[in-house]
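Here the structure comes first, spelled out in structure tokens, and everything after it is commentary.
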Amino acid sequence: MTSQSQGIHQLLQAEKRAKDKLEEAKKKTGTASGKGKRLKQAKEEAMVEVDQYRMQRDKEFRLIQSKIMGSQSNLSDEIEEQTLGKIQELNGHYNKHMESVMNQLLSMVCDMKPEIHVNYRATN
């Protein structure tokens, strides 16, 4: 947030310097065409200065943005790697225990022992 306000402050300073150059050009006396040329030159100088500052700030912004996006990309790769590891671990557990679980399930279904329920009462 402070870098943003510093950037705005610097941009305002650059614009102020540009205005000062324009005023300086206006104050200089000379012929009408000479005054117009100097005014035009001061305006061009001010625009060049503002454009240079904007390009500098844009370059800094892109650098910071690439650092942030790069770290997000690395984080994404790390999460994907962890996910694949967890999937492989679960598949290993599945393969390891599948046969014993199937045998246990089949034995419970196929090896039924008929018994009378404990709550059953014979009524005569």
Those residues at least two apart in sequence (or on a different chain) that pass side-chain contact (heavy atoms from CB on, under 4.5 Å) with I79 are L75, T83
Kindly compute the distance separating [atom1] ([X]) from [atom2] ([Y]), expressed to the nearest 0.5 Å.
{"X": "D77", "Y": "Q82", "atom1": "CG", "atom2": "CD", "answer": "11.5 Å"}
{"X": "M98", "Y": "N91", "atom1": "CE", "atom2": "CG", "answer": "11.5 Å"}
{"X": "Q6", "Y": "Q13", "atom1": "CD", "atom2": "CD", "answer": "10.5 Å"}

What pairs of donor and acceptor atoms, side-chain ones from residues 53-61 against any protein atom, are under 3.5 angstrom apart with sequence neighbours left out?
from : atom 1 : to  : atom 2 : distance (Å)
Y53  : OH     : G7  : O      : 2.9
Y53  : OH     : Q10 : OE1    : 2.7
Q56  : NE2    : E60 : OE2    : 3.3
R57  : NH1    : E60 : OE1    : 2.9
R57  : NH2    : S3  : O      : 3.2
D58  : OD2    : R62 : NE     : 3.2
D58  : OD2    : R62 : NH2    : 3.4

I116 atom CD1: more than 12 heavy-atom contacts under 6.0 Å:
no
Flag yes if more than 12 heavy atoms outside E80 fall under 6.0 Å of its CD atom; otherwise flag no.
no
Test E15 against L11 for side chain to side chain contact (heavy atoms under 4.5 Å, CB included), laying out the working first.
CA-CA 6 Å; E15 288 177 354; L11 184 59; 4.2 Å; yes
Kindly list each side-chain donor-acceptor pair under 3.5 angstrom involving residues 102-112, sequence neighbours excluded, with atom names and distances?
from : atom 1 : to   : atom 2 : distance (Å)
N103 : ND2    : E99  : O      : 3.4
S107 : OG     : N103 : O      : 3.3
S107 : OG     : Q104 : O      : 2.8

Using the rule given for side chain to side chain contact (heavy atoms under 4.5 Å, CB included), can you reason through R38 versus Q41, listing the C-alpha separation, both sets of side-chain angles and the distance that settles it, and then say yes or no?
CA-CA 5 Å; R38 178 63 187 137; Q41 181 184 358; 3.6 Å; yes
